[in-house]
Peer 1: 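Below you'll find the structure I mean.
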Amino acid sequence: MATERTLSIIKPDATRRNLTGKINAKFEDAGLRIIAQKRIQLTKAQAGEFYKVHAERPFFDELTTFMASEPVVVQVLEGESAIAKNREVMGATNPAEADAGTIRAEFAESVGENSVHGSDAPETAKEEISFFFSGLELVG
Ligand code: CMP
């Protein structure tokens, strides 16, 4: 097992409900360290650039409108197998399918407004981290 870094986003449905601290506690309780974090307001164009792999999906417009609707908290999580561990802590994309105790089971409102995003693989983690952070901002 190796130490990894992954990109996490606390989405507008969660920032709106003041859940940043509760979600961060889930990460920290699972052994993930928050080594960078900032609260930002995305434009719809920036959300579209971030989610460009989904550009052809029917939910793309809904997704980018939602991500630009309120501030988000972008963060870098570090730890052993951080990518898989973060996905475990988040739970399934659709909260109806998420295991009990996961962030999405506890907090997500729907498949679209599902409280958190996490990178799905090492290459995407690298790309997604550099989308939001410079190397100087990562303090491990
Ligand atoms: P995320 O992990 O951020 O990656 C892509 C996002 O698209 C996903 O979480 C969901 O929020 C969103 N998404 C996936 N499927 C749907 C859907 N059927 N309807 C609306 N949004 C969706």
Side-chain angles (χ1 to χ4, degrees):
M1 285 208 289
T3 299
E4 290 176 337
R5 290 174 173 178
T6 191
L7 190 276
S8 165
I9 306 177
I10 301 179
K11 296 186 179 184
D13 66 283
T15 61
R16 177 171 34 84
R17 289 176 289 149
N18 216 17
L19 292 171
T20 300
K22 287 197 171 106
I23 290 174
N24 280 348
K26 294 269 194 197
F27 295 139
E28 293 185 340
D29 289 349
L32 292 164
R33 299 178 70 81
I34 301 163
I35 64 157
Q37 175 168 262
K38 56 192 174 190
R39 180 175 164 101
I40 59 172
Q41 173 71 56
L42 287 172
T43 64
K44 190 169 168 168
Q46 288 166 336
E49 179 60 23
F50 180 77
Y51 278 119
K52 62 179 186 251
V53 306
H54 297 303
E56 302 307 320
R57 303 280 193 100
F59 56 80
F60 184 68
D61 188 64
E62 184 188 325
L63 173 62
T64 54
T65 299
F66 165 62
M67 291 299 288
S69 66
E70 304 242 8
V72 296
V73 174
V74 292
Q75 46 192 192
V76 179
L77 309 179
E78 183 181 83
E80 285 289 317
S81 304
I83 297 165
K85 190 173 282 179
N86 180 36
R87 293 178 74 76
E88 239 177 78
V89 175
M90 289 192 298
T93 304
N94 183 347
E97 293 163 11
D99 289 339
T102 61
I103 291 169
R104 284 167 171 159
E106 281 189 28
F107 303 125
E109 300 192 305
S110 65
V111 66
E113 305 206 0
N114 62 355
S115 301
V116 280
H117 165 83
S119 308
D120 63 1
E123 195 49 42
T124 35
K126 215 170 148 195
E127 279 169 27
E128 290 182 358
I129 289 169
S130 63
F131 186 88
F132 289 111
F133 293 97
S134 76
L136 280 176
E137 293 176 293
L138 308 178
V139 185

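Order of listing sets the numbers, starting from 1, for every ligand and every atom in it. Side-chain atoms are counted along with the backbone in the values below, which use heavy atoms only and exclude waters and symmetry mates.
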Peer 1: Donor-acceptor pair, distance only, cut-off 3.5 Å: does the side chain of Glu62 make one with the backbone of Phe59?
Peer 2: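 A pair under 3.5 Å: no.
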Peer 1: Any ion pair linking Glu123 and Lys126 (charged N to carboxylate O, less than 4.0 Å)?
Peer 2: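 Salt bridge absent between Lys126 and Glu123.
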Peer 1: I'd like to know if Lys38 pairs up with Glu137 as an ion pair, taking the criterion as any Lys NZ or Arg NE/NH1/NH2 lying under 4.0 Å from an Asp or Glu carboxylate oxygen.
Peer 2: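 Yes.
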Peer 1: Heavy-atom contacts with ligand 1 below 4.0 Å: which residues, ordered by chain and residue number?
Peer 2: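 Residue list for ligand 1: Lys11, Tyr51, His54, Phe59, Glu62, Leu63, Thr93, Arg104, Val111, Gly112, Asn114, His117.
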Peer 1: Under 30°, 30 to 60°, or over 60°: which ring-plane class applies to Tyr51 and His117, parallel, tilted or perpendicular?
Peer 2: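 If you compare the ring of Tyr51 with that of His117, the planes turn out perpendicular.
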Peer 1: From the options Lys85, Arg33, Arg5, select the one residue that forms a salt bridge (charged side-chain N to carboxylate O under 4.0 Å, His left out) with Glu78.
Peer 2: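 Answer to the salt bridge (charged side-chain N to carboxylate O under 4.0 Å, His left out) test with Glu78 among Lys85, Arg33, Arg5: Arg5.
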Peer 1: Can Glu109 and Arg16 be said to form a salt bridge (charged side-chain N to carboxylate O under 4.0 Å, His left out), step by step?
Peer 2: CA-CA 12 Å; Glu109 300 192 305; Arg16 177 171 34 84; 3.2 Å; yes
